[in-house]
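Note that the coordinates shown come from a computational prediction; the quantities given were computed from them, not determined experimentally.
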Amino acid sequence: MNKIEDILKLARVTELIQKKDEEEEKKKTIAIVLAVIAAVAAVAAVIFALYKYFSDDNYDDFEDFEEDFEDDFEDDFEDMDDFEDEDAASEKKAAEETEE
């Protein structure tokens, strides 16, 4: 009986050791995956910082362009008013001529 108990105890100890090894492997793989994600994020942050540092800030140029565009846009509508006035005048003349 003593030998059977020893074999059962040894089997239990072996199972516990295997479970611990499997848990450690899972922890290692999770740690590796997180390390890779952190490395990629760090590289992306460095690249973004370099881009911001070396890129030109020409925001003032864009504002000037916007103002010029707005002026042209308003001028277009003023021209449309002139055309409408001419059309109305020509219609009045045509109506007067038909009455005569």
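- Ile37 forms part of a hydrophobic cluster together with Val33, judged by ILVMFWY side-chain heavy-atom separations under 4.5 Å.
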May I have the list of side-chain donor-acceptor pairs in residues 9-17 shorter than 3.5 Å, sequence neighbours left out?
unit_1: Thr14; atom_1: OG1; unit_2: Leu10; atom_2: O; d: 2.6

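- Here CD of Glu22 is found 11.0 Å from CD of Glu24. Values are rounded to the nearest 0.5 Å.
- Under a 4.5 Å side-chain heavy-atom cut-off, the cluster of Ile, Leu, Val, Met, Phe, Trp and Tyr residues that includes Ile7 has no other member.
- Alongside Tyr53, the hydrophobic cluster contains Val46, Leu50, Phe54 (criterion: ILVMFWY side chains under 4.5 Å).
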